[in-house]
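Structure, as structure tokens:
Positions are given from 1 along the sequence.
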Amino acid sequence: MDAVVSVATTILEKLVDEAILQACYPFRFNKYVKELEIEKENLQSKIHEVQDRAKDAKKKTHKVVHEVESWLNKANSLMAKVADLQEKTKGNKTSCLKLCPNLINRHNLAKLLEEKTNDIKTHNQVQFSEFSRLATLVGINYFPSQDFVDFDSRKVAYNSLLRAFKDDGIHMIGLYGMGGSGKTTLVKEVGKEAENFFDKVFFVVVSNSFDVRKIQTKIASGLNLEMKEEENLERAQRLFMRLSRGERFLIILDDVWEKLDLMDIGIPTAKNQMGCTTLITTRKLHVCEWMSCQEIIPLEGLNENESWDLFQKHAGLFDDLSNNLKDMAQNITKVCDGLPIAIEAVANTLKTKPHDEWVEALKILRNPSWIDIEDGLKSTYGCLQLSYDNLENEVVKSLFLLCSMYPEDYEIPIVELTIIGLGLGLVGEIPSYRVGIQLINKAIKKLIDSCLLQKVANQNSGGDIKMHDLVRDVAKWIANKENKLIMGSLKEGVIMEDHVVRYLWFEEVDKCPSKLNCPKLEFLHISIHSESSVTIPKDFFNGTKNLRVLTLANPTYKRDLALQLPISLHLINNLCCMTLYQWVLGDISFIGILERLESLTIWGCSFDELPTCIIQQKQLRLLRLCNCKIQRNPFEVMGRCSQLEVLYFFHNIGKNWEDQNNNSAKFFNKISTTTLGMESYCIQFGNIGENCHTWENYVFAKDFGHDKSFVARGLYIEDFESCISIGKSKDMMRRAKTLSLRRTPESLKNIIPDLWQSIGGGMNELTCLALHDSDGIECVIGLLNPSQVGIISNLTHLTLTKVKHLKTLHSGQPPQGLFANLEELYIDRCDSLEHILTEDAKEIVDANDYQSYKNAFPKLKSLYIGKCKKLEYLMPISFAKSVKQLKALLVFENNELRSIFGPSSEDMNPNKPQTIEFPALKHLELDSLPNIISICPQNYHPTWFSLKSFSLKNCPLLYIKSIIHWVACGGLRHEYNHLTSEDLLKVVMASVESLERLVLCNHEVEIVFDVEQLSTNGQQVNSKLSRLRFFELPQLTHIWRGTKNCLLLQHLNRLLVVSCGNLKQVFPSSILKSLPQLMELHIEDCKELEEIIGEEDDQNVSNSSCKIIFPKLITICIKCCHKLKCVLPNTSACGAIPNLRALYIENAPALEQVFEHEQHDTTLEYVLLWNLPSLTSVAPSIDMQTIKYIVVKQCPKLSLTSSITPQELLKQVSEGYFPGNYKFETRLKNIIKSLNDSSKETMQRINCQETGGQTNDQKLTINATSNLIENNRESEDRRTHEQEMSKEKSVEGRVEECTTSKHVQIVTSLAHLEPASSTKSVNQIMPALEISTVMPTSSPQSQSISKQLGTNLVDISIHQTPSDQVELVYTTSTNQFESKYQQQQSLAKNEVSKKVIPHEIINS
């Protein structure tokens, strides 16, 4: 009776407590509201912090890991849900005593508030084990196509190369032809096509003096492979391991001059090529033969007609030529022997020249006088010599010869070439540095126009140029003839004596040459690859008294190498230009002895101070300091250098001058009146890193060693107010072309006219403007007079961040042409912004008014707007007609935004369907816009047929039933009645065929690709999609639906599907054969998913026609798919998956088999199978024990054991380099973390009981392993006791000898009996029978006990694990649940002396 009362009392107490808790919810409502607001702000702050870190990572070319992206997606989803919840609470904030609101509603909301607050707290506490990784470099598409001319003679070689690439039996290919015949251009172009059937294409220039280490580094960087080894052989082994993983790689080795041992580099060869194909280009057939090329393809010169077409193009000739001139031109073309480089050079040389010069040129080309050139090259040398001789002056000729000094295929920064050219005095005496820069730039342009130099045309090169290797050979040959000896790219630092050489370039030598005796030497570049500090020999400069340009560089990543310069430096009386790169310099007062120094560049160095002696160096015209650590404040000294014409100073730091705000005042107070004539300056006052945007990074943060062109005049001022009162600062701001300002005074309400007036006018050359943290600014342009329109119309880049009171760029209708040149507009965290632009309130009656709308942003290419709390729409739809050049539109975290483009007063017929075209738009991203419902007003239909990337995240109100229709038809919210079926099909096909990347997150979309209602008539949609990523799409029922074989996904290589709760099928069988490139398949948290591949609709399809469906699939990751029974069923998988390397499956309780099809050979390397209670096998005919790295846990029906621990698997995966390995890593880390957390919790409970919490029937004592020897006698007693007990106690089996040698692992599993937080110790769940552990005489055999405990089945087993641990497994499974959860603990270096088993098991 007492027991019944006790139980009833306990139940009653719990019911009362629960009732009180529920009753309190309505009265704690306001408290929960406040707590939610606080946690929301904390989460918002962390979101900003993570996003800022992500931006910084991207600036460093890092890629943010998936874990961080997932966190941001979930955080943004939480913020959207909180916004909805807060909206619901607005009417419930009043006190109950005042208006007495609905208590039930208040109770429910309060519970939701508490729940959401806890969700945010939990999410806010997440820590990232890894944030970002170095991004993989762009592949062969880095190179443009404009140099490639599709001649018929080139098609033969082009098609031959493609056939060889597609032949699995060919893995070594050679392309040979004369220098200048177009081999490099051809392989770059064919390499782009090869990316469709190779996983990665590499282009590596080898050249005559090749460097194995550089070739290895180039390939490794494309693989994102870290090469820590120092020895070339070890690096080769590392590279070989990576290239031999089964992926298909094409490695193009360009300009090979001699036989290469590919194994020395690390490139797999014929016997072990493992899917790796190598293509070499060379001038010599025998190089192809030496390297055992299986396919050798010649590249002949252009035929006569092709040569003539090319000559006409470059000479500017037309069909209406006189017969005399045409014959002359054709004869000159024939002399060029069909070599494109010779034809282009001669044609550009003779372009616009008079007839008599054509006659003279033909005479010279027909009678070459050089006898020291091999026969095959004489005509080419003659053509290039002719171009050189026709250069207009000595400046251009000298610059041409100077460029040949650079190493082969070197990309030459124009800034560097300009400074060196001026230092060598190539332009003679000049009145100012500006004039010298102009003359050098003019000479460079002439060389490019003459095809003697080439622009490096890629997205990162800016103003780089390079010299073709054949042109470089000719230039060096000419220099030798003219006794202007040039020696470039020497590899050894030796004693050198040469009385003729003028230019010397030592590239990455181990040590500095011991002595130079070169009296005519004018230029010296030494790059020293050293592991320790470098000392220049004391007599080093004794024999270089005519030296004018000196560069000493440290090419390593070590920034702590000291450079000690010798006393003999003062002997270089003519030194005009000096560059020091990445050294610890200490005292640099030696600069004072270089009296004729004109330019000084110090990059990435550490030194004490900028010496005052440079103030007295009247010849010093250029000073560049970047990325330096300077101990004492340099601003005062710089301000007193009145002789400077060019000053670059940014990204420098110093402990003793951290008060950045006063530096600008110090500088401007010291500068003299003559400094105001400075032609070029780029000065940073303050920390640019936190606020700058893309173009600011380019202007202010580019490494000096990689600057592409001179920034004319740029200022970044941290504290505007501290320097605006100084007149000299105003002048520099007035003349600036690039201006970035922070903290402008609150009295300034706009840029024009307020800011303009505050600095005294000017700003006529301003092209880039940024404002940060300027609270007073309300609009960019206020009241304008006509003379001020030109100031803004010159802008190409405009950035506005944290301008809190900004409401619009211009109030009312903007003047025509106001933003005529604006290319990039970036707006971030402007809390009061409502619209970028608005229409004038007055009625539009003038046609010119329409014109101002249509031409508002005629050159805008990029528009980013984010985190503007009050933004309703960007601009009226009338302005949308002006953004024809817009390429990227990114809109983020604008909570009040309803549409991208708003209504317009110009729209006289709002019910009439209209089309708005965005012909150039390639990238569209909409993220965290909780109130957006449309792109345009209801009657407008936007089109974007060039769209390549579309990302939609956290936009719950944007109605989308099918993504394919939405992308095609621009987000119309109603049916597409105004389009015929044929028109709709055309629109859909055009849009899908251009799209390459699609990301969807947190949306109610039901179908992604839906072509079921379209009359395709057998037409196929050839999609270019390469990546699909779907997250948190609860209503998604189909990824693709429609006519069989209608949609082809030939380029899809990665598919991620996460948290799509309604999805039942991933692939319909009808599109399986169109997935030849799929490499990574990742499916997670899709609880209704029943099959990855649907059953074949046509049951009559013959199995003989089936092909391998996933020939390149490398990684499969499945997690939390509760209804999935098989990953790849036999009905669809008609063949093996030949390249599968990684398999991760976790928490799939219904999964019975992974692969049903036969797969006799396996390439699997990394396998994790975790908590799969129904799994019986992985695949028929696969010997899983041969897999090297496998972890199996909680798979009771699978007769397979682990080969390594999860921690060891993590290490192997992190070094594995396969698609999706970072996701594999992330999930492994989560598992290991949960194991560690569980282990810590169990240890804490055990330790707590050891200190006094045990009862008589709970006996678990733990002794340190160090006591084993001392307690040996006790162990013997325990062994005897164990043997006796094991004879007496037997329950369907026997517990025999077991041990804890070094490790004992105890695994307890409770399936839904206890929450995870109430984990019990071994003693608590086993309170009756003691099993003493003893040191065995042999390895223990696995033993088990199985008994029924009420309605629960109890299993206990003891066995030895692969890692030499003894494992006690206690499993209880209920009839209600199939899942089994284990809590496990590894008690390292501990001995378990007694284990207790419950009485119920013994008595059952």
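Ala75 approaches His123 most closely through the heavy-atom pair N-NE2, 3.4 Å. Residues Leu1210 and Ile1232 approach most closely at CD2-CD1, 3.9 Å, considering heavy atoms. What you find for Glu1032 and Lys74 is that their closest heavy atoms are OE2-CA, 4.1 Å. Smallest separation of non-hydrogen atoms from Phe650 and Gln684: CB-OE1, 3.0 Å. Between Pro937 and Gly902, the shortest heavy-atom distance links the atoms CG-O, 3.6 Å. Annotation for Ile960 and His1003: closest pair CB-CE1, 3.8 Å, computed over non-hydrogen atoms.
Counting only heavy atoms from C-beta outward, the side chains of Arg1227 and Cys1117 approach each other to under 4.5 Å. Looking at Leu1028 and Leu1056, their side chains never come closer than 4.5 Å, going by heavy atoms from C-beta outward. Within the 4.5 Å cutoff, no side-chain heavy atoms of Glu893 are placed close to those of Arg829. Contact check for Leu952 versus Cys1001: no side-chain heavy atoms found under the 4.5 Å cut-off. The shortest side-chain heavy-atom distance between Ile47 and Met79 falls under the 4.5 Å cut-off. For the pair Val780 and Asn750, the minimum side-chain heavy-atom distance is 4.5 Å or more. In this structure the side chain of Ile781 never reaches within 4.5 angstrom of the side chain of Ile751, judged on heavy atoms. Side-chain contact between Leu43 and Val82 is absent, with no heavy-atom pair separated by less than 4.5 Å.
Under 4.0 Å is where a charged nitrogen must lie from a carboxylate oxygen, and between Glu872 and Arg898 no such pair does. The existence of a salt bridge linking Lys804 and Asp831 is excluded, since no basic side-chain nitrogen approaches an acidic carboxylate oxygen closer than 4.0 Å. At a threshold of 4.0 Å, the pair Lys116-Glu39 does not count as salt-bridged, since none of the basic side-chain nitrogens sits closer than that to a carboxylate oxygen. In summary, Asp1085 and Lys1087 engage in a salt bridge, as defined by a charged side-chain N under 4.0 Å from a carboxylate O.
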| query | Between Phe1030 and Val999, is a side chain to side chain contact (heavy atoms under 4.5 Å, CB included) present by the stated rule, with each step listed? | reply | CA-CA 6 Å; Phe1030 305 135; Val999 179; over 6 Å; no
| Checking side chain to side chain contact (heavy atoms under 4.5 Å, CB included) for the pair Thr801/Thr799: CA distance, chi angles, key distance, verdict? | CA-CA 7 Å; Thr801 66; Thr799 294; 3.9 Å; yes
| task | For salt bridge (charged side-chain N to carboxylate O under 4.0 Å, His left out), just list the numbers for Glu69 and Arg1029, CA-CA rounded to whole Å, side-chain angles, deciding distance to a tenth of an Å, and then say yes or no. | result | CA-CA 12 Å; Glu69 290 183 342; Arg1029 302 175 66 188; 2.6 Å; yes
| request: Step by step, work out the side chain to side chain donor-acceptor pair (under 3.5 Å) result for His1082 and Glu1084. | output: CA-CA 7 Å; His1082 180 105; Glu1084 179 176 340; 3.2 Å; yes
| side chain to side chain contact (heavy atoms under 4.5 Å, CB included) assessment of Phe720 paired with Asp773 | CA-CA 11 Å; Phe720 180 79; Asp773 298 299; over 6 Å; no
| Tyr864/Leu889 under side chain to side chain contact (heavy atoms under 4.5 Å, CB included): CA gap, chis, key distance, verdict | CA-CA 6 Å; Tyr864 172 102; Leu889 175 60; over 6 Å; no
| Going through the checks in order, is the salt bridge (charged side-chain N to carboxylate O under 4.0 Å, His left out) test met by Glu718 and Arg742? | CA-CA 5 Å; Glu718 176 85 13; Arg742 285 192 69 194; 2.6 Å; yes
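Atoms CD1 and CG, on Ile836 and Leu871 in that order, are 7.0 Å from each other to the nearest 0.5 Å. Residue Phe901 holds its CZ atom at 11.0 Å from OG of Ser934, rounded to the nearest 0.5 Å. Interatomic distance, CD1 of Ile932 versus SG of Cys955, reported as 5.5 Å (0.5 Å rounding). The distance from the CD1 atom of Ile717 to the OG1 atom of Thr744 is 11.5 Å, given to the nearest 0.5 Å. Once rounded to the nearest 0.5 Å, the distance linking OG of Ser747 with CG of Leu755 reads 10.0 Å. To the nearest 0.5 Å, the span separating CG on Leu924 from CG on Leu890 amounts to 8.0 Å.
Classified by interplanar angle (parallel below 30°, tilted 30° to 60°, perpendicular above 60°), the ring pair Tyr1144/Phe1224 is perpendicular.
A distance-only check finds a donor-acceptor pair linking the side chain of Thr122 to the backbone of Asn118 [under 3.5 Å]. Under the 3.5 Å distance criterion, the side-chain polar atoms of Glu834 are left unmatched by any main-chain donor or acceptor of Thr808. The closest donor-acceptor contact from the side chain of Ser774 to the backbone of His772 lies under 3.5 Å. At distances below 3.5 Å, at least one donor-acceptor pair connects side-chain atoms of Asn894 with backbone N or O atoms of Phe892. The closest donor-acceptor contact from the side chain of His835 to the backbone of Leu837 lies at 3.5 Å or more, if one exists at all. When atom types are taken as modelled, the side chain of Lys870 and the backbone of Ser832 share no donor-acceptor pair closer than 3.5 angstrom. A side-chain donor-acceptor contact under 3.5 Å links Thr1037 to the backbone of Glu1006.
When the options Leu72, Asn1002, Asn73 are evaluated for a side chain to side chain contact (heavy atoms under 4.5 Å, CB included) with Lys953, the one that passes is Asn73. When the options Ile900, Val891, Leu874 are evaluated for a side chain to side chain contact (heavy atoms under 4.5 Å, CB included) with Leu863, the one that passes is Leu874. Tested against Gln44, the residues Glu41, His48, Lys40 include a single side chain to side chain donor-acceptor pair (under 3.5 Å) partner, His48.
Both the sub-6.0 Å distance and the 45° axial angle are satisfied by Arg53 relative to the ring of Phe131.
With hydrogens and angles left out, the side-chain atoms of Lys46 and Gln51 include no donor and acceptor closer than 3.5 Å.
Within 6.0 Å of the NZ atom in Lys869, the count of heavy atoms belonging to other residues, nucleotides or ligands does not exceed 12.
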